[in-house]
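Encoded as structure tokens, the structure appears first; notes follow it.
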Amino acid sequence: MSKSFVQITQDVSQGLAAMRKEVPEAMKGFNDLAKAAMAGGAIDPLHKELIALAIGIASRCDACIGFHIKALIRLGMTREQLMETLGICTYMGGGPTLMYAAEAVRAYDELLPRLKPESA
């Protein structure tokens with residue numbers, strides 16, 4: 001059976017919602033860190049998300065791939081930007097990373113029709 005990145009992100013979101021309720025201070029700390037790390041600065045948010053995606057791919061994290069692809073689509077990432085990022089991931093991580101880079105392409109193709117870039 002093939003993975004659905006829509007389903008993966010929905011399922012993980014349910015678990016995260018439970019954690020926000022049951023360990024709110026820990027989740028607030030994580031969310032504050034994420035907001036600070038992803039805020040614009042010397043590196044713009046799109047490129048920060050590409051870095052986050054690359055780390056998610058290298059870490060072989062399906063949910064990371066799904067969530068960061070969603071964010072990148074909303075930020076207006078092009079397919080060419082995705083492919084170049086995946087090329088770098090494969091260069092640095094070899095064959096196993098290539099398999100998860102291919103999963104990122106599947107996530108992009110599955111999620112793109114469901115999401116609108118912010119500029120649209």
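Since this is a predicted model, take the numbers as computed values, not measurements.
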Looking at G40, is its backbone amide N or carbonyl O close enough to the side chain of K48 to form a donor-acceptor pair, meaning the two atoms are under 3.5 Å apart?
no

Identify the heavy atoms of [X] and [Y] that sit nearest to each other, and give their distance.
X: L75; Y: L46; answer: O-CD1, 3.6 Å
X: T9; Y: F67; answer: O-CZ, 3.4 Å
X: E49; Y: H68; answer: OE1-ND1, 2.6 Å
X: A104; Y: I57; answer: CB-CD1, 3.8 Å
X: A63; Y: V12; answer: CB-CG2, 3.7 Å
X: S4; Y: E110; answer: OG-OE2, 2.8 Å

Could you list the donor-acceptor pairs under 3.5 angstrom formed between side-chain atoms of residues 89-99 and any protein atom two or more places apart in sequence or on another chain?
residue: T90; atom: OG1; partner: L86; partner atom: O; Å: 2.9
residue: T97; atom: OG1; partner: G93; partner atom: O; Å: 3.3

CG on D44 to NE2 on H47, rounded to 0.5 Å:
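Separation between the atoms: 5.0 Å.
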
Can you tell me how far the CG atom of L112 sits from the CZ atom of R114, to the nearest 0.5 Å?
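So the gap between those two atoms works out to 11.0 Å.
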
Please enumerate all residues that pass salt bridge (Lys or Arg N to Asp or Glu O under 4.0 Å) together with E103, with sequence neighbours excluded.
K3, R106

Tell me whether [X] shares a hydrophobic cluster with [Y], the cluster being built from Ile, Leu, Val, Met, Phe, Trp, Tyr side chains joined at under 4.5 Å.
X: M19; Y: F30; result: no
X: M38; Y: L72; result: no
X: Y108; Y: I88; result: no

Taking NZ, NE, NH1 and NH2 as the nitrogens, is one of them in D32 or K28 under 4.0 Å from a carboxylate oxygen of the other?
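Yes, D32 and K28 are salt-bridged.
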
Considering residues at least two apart in sequence or located in another chain, which fulfil the side chain to side chain donor-acceptor pair (under 3.5 Å) criterion with [X]?
X: N31; result: none
X: T85; result: none
X: Q7; result: D11

For I55, check side chain to side chain contact (heavy atoms under 4.5 Å, CB included) against everything at least two apart and list the hits.
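Scan of I55 (side chain to side chain contact (heavy atoms under 4.5 Å, CB included), adjacent residues dropped) gives I51, S59.
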
Residue pair [X] / [Y], side-chain heavy-atom distance below 4.5 Å:
X: L53; Y: I69; value: yes
X: I65; Y: Y100; value: yes
X: V105; Y: M83; value: yes
X: I73; Y: K70; value: no

Please indicate whether I43 has more than 12 foreign heavy atoms, meaning atoms of other residues, nucleotides or ligands, lying under 6.0 Å from its CD1.
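Count not over threshold, so no.
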
